[in-house]
There are 2 protein chains.
Amino acid sequence: MDVRTLCLGILALGDASGYEIKKMVAEGSFSFFSEASYGSIYPALTRLTEEGLVTCREEAQDKRPDKKVYSLTPAGRAALRDTLRKDPGPDRHRSEFLAALLFAEAVSPERVRDLIDERVAQHEKKIAELKGLLEEDVSAVSRFVIEYGIATQEAALHYLKRHRDRLLGELGHTIEAAE
Amino acid sequence: MDVRTLCLGILALGDASGYEIKKMVAEGSFSFFSEASYGSIYPALTRLTEEGLVTCREEAQDKRPDKKVYSLTPAGRAALRDTLRKDPGPDRHRSEFLAALLFAEAVSPERVRDLIDERVAQHEKKIAELKGLLEEDVSAVSRFVIEYGIATQEAALHYLKRHRDRLLGELGHTIEAAE
DNA sequence: ACAGATAGTATCGACTTGATATATCTTATG
DNA sequence: CATAAGATATATCAAGTCGATACTATCTGT
């Protein structure tokens, strides 16, 4: 899913400016499974406009900078439908936490405990955030997506809580054995 | 976690060539939370060598192309430790599946069912893969990381199975109401 | 015999990130 | 009341990254 398609999809849900698209991927129901920066959104919108998949109208605002509001054209909707017909690629999950855990063993085993404890707090925060989204966002599919996120976050959290001590015990033996 | 640190961390677990590093991130215990292409690994190794964080020796092999085997230097180990002292950034999760679900509602609600059913199969495959890894890989932290992955994948799978029909029911009403 | 996978290094264009610039308005805080 | 901080808005740039491809040689399956 490139930023191009992401923009097309968001515009299929309603008109928006580049700034608003950025906000949606950073804070809205998109926030936990996609990301995009201005540096990719603005060029994407420019190209989509050139290709006739979206149109742009400038809206003057009171006491605020002008907005460029983009709308999906019929051609854009068709292009999106074509893309969605294809099977979505596999999820891509990058976790500095898990990498740090694996590497910490090699350079500083004591760090493992702190890493896990910080992570527990992060999961709890994320779950609270997602539950907050549930109260605003009412579309059935949005709710499904957010609850899917909550389910996985909670599973991760419970796994950490249940297995933390076992892991630290096993590492304890390793550390002692190495000394 | 940039590819630079990823290489440093993998080399902390043992010497490796660029090709082997790529294989680890694509297939090993790293596979489900990190990715890196040759186009980022080779330049990273070159730069790390220039900076004295790794060393490189060429190994001639019988009936195979020569290898460039990289090893972590003490300076490299120190650099890795410094990086790991910092808090890991939040996970980044990109899911074409979840995006497609949200967008499908807008352009082709019938697609939602197929998307979910394909996804169930994908999760089952992924879980089997991870369980396969468990049998080879024995390090305590590796096992922890892989089981963490299994726990989240299973939670996602069960969520989909439990809520699929409810969602399709809700969409059914939407579709009927729109027609 | 021949296709395709495996082992290996390497590069390139296109895309993406993260930081930064610019400018104005609103909201806290001392 | 001043002033810092943050929101609203567009835009660019260097540096990093992906995915495809190139090249060569061997091993494996049909």
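Letters A, B, ... are given to chains in the order of the sequence lines, protein chains preceding strands, and every chain is numbered from 1.
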For atom [atom1] of [X] and atom [atom2] of [N], their distance in whole Å:
{"X": "A/Ile41", "N": "C/dC15", "atom1": "CD1", "atom2": "C1'", "answer": "14 Å"}
{"X": "B/Lys67", "N": "D/dT24", "atom1": "NZ", "atom2": "P", "answer": "22 Å"}
{"X": "B/Leu48", "N": "D/dG16", "atom1": "CG", "atom2": "P", "answer": "11 Å"}
{"X": "B/Tyr42", "N": "C/dA7", "atom1": "OH", "atom2": "P", "answer": "12 Å"}

- Determine the contact category for A/Ala44: base if any of its heavy atoms lies under 4.0 Å from a base atom, sugar-phosphate if only primed atoms, P, OP1 or OP2 are that close, otherwise nothing. nothing
Rounded to the nearest 0.5 angstrom, the OH-CG distance for A/Tyr70 and A/Leu8 is 13.5 Å
- [ ] May I ask you to decide whether B/Asp91 forms a salt bridge with A/Arg119, counting only side-chain N to carboxylate O separations under 4.0 Å?
- [x] yes
Q | Lys/Arg N to Asp/Glu carboxylate O, B/Lys86 vs A/Asp114, below 4.0 Å | A | no
| said: On the nucleotide C/dG8, are OP1 or OP2 found under 4.0 Å from the side-chain N or O atoms that B/Gln61 carries? | reply: yes
> Between A/Arg94 and C/dT16, does any side-chain N or O lie under 4.0 Å from OP1 or OP2?
Replying inline: no
Protein-nucleic acid N or O pairs under 3.5 Å, nucleotides 3-5 of chain C:
none

With B for base contact, S for sugar-phosphate-only contact and - for none (protein heavy atoms under 4.0 Å), nucleotides 18-25 of chain C reads B------S
Donor-acceptor pairs are to be reported for all side-chain atoms of residues 126-133 of chain A against protein atoms at under 3.5 Å, with residues two or more places apart or in another chain.
residue: A/Lys131; atom: NZ; partner: A/Glu154; partner atom: OE2; Å: 3.4

Applying the 4.5 Å side-chain criterion to the ILVMFWY set and letting contacts propagate, would A/Leu13 and A/Leu134 be lumped into a single cluster?
yes
- prompt: With hydrophobic residues grouped by side-chain heavy-atom distances under 4.5 Å, do B/Ile150 and A/Leu160 end up in a single group?
  reply: yes
Enumerate donor-acceptor pairs with a distance under 3.5 Å from any side-chain N or O in residues 22-36 of chain B to protein atoms, sequence neighbours excluded.
residue: B/Lys22; atom: NZ; partner: B/Ala36; partner atom: O; Å: 3.3
residue: B/Ser29; atom: OG; partner: B/Asp137; partner atom: OD2; Å: 2.9
residue: B/Ser31; atom: OG; partner: B/Gly28; partner atom: O; Å: 2.7
residue: B/Glu35; atom: OE1; partner: A/Arg92; partner atom: NE; Å: 3.4

* To do: Can you label the angle between the A/Phe144 ring and the B/Tyr159 ring as parallel, tilted or perpendicular, going by 30° and 60°?
  => tilted
Taking CD in B/Gln61 as the centre, count heavy atoms belonging to other residues, nucleotides or ligands within less than 6.0 Å. Is the count above 12? yes
Query raised in the report: Side chains of B/Leu6 and B/Ile21: closer than 4.5 Å at any heavy-atom pair?
Result: no
If we only count heavy atoms from C-beta on, is the B/Arg57 to B/Asp15 side-chain gap below 4.5 Å? yes
Computed from five pairs at either end and rounded to 10 degrees, the angle between the axes of the helix from C/dA1-D/dT30 to C/dG30-D/dC1 is 50°
Given the options A/Gln122, A/Lys125, A/His123, A/Glu124, A/Gln153 meets side chain to side chain donor-acceptor pair (under 3.5 Å) only with A/His123
Residues of residues 4-32 of chain A with a heavy atom under 4.0 Å from any atom of DNA chain D, listed by number, are A/Ser17, A/Gly18, A/Tyr19, A/Lys23
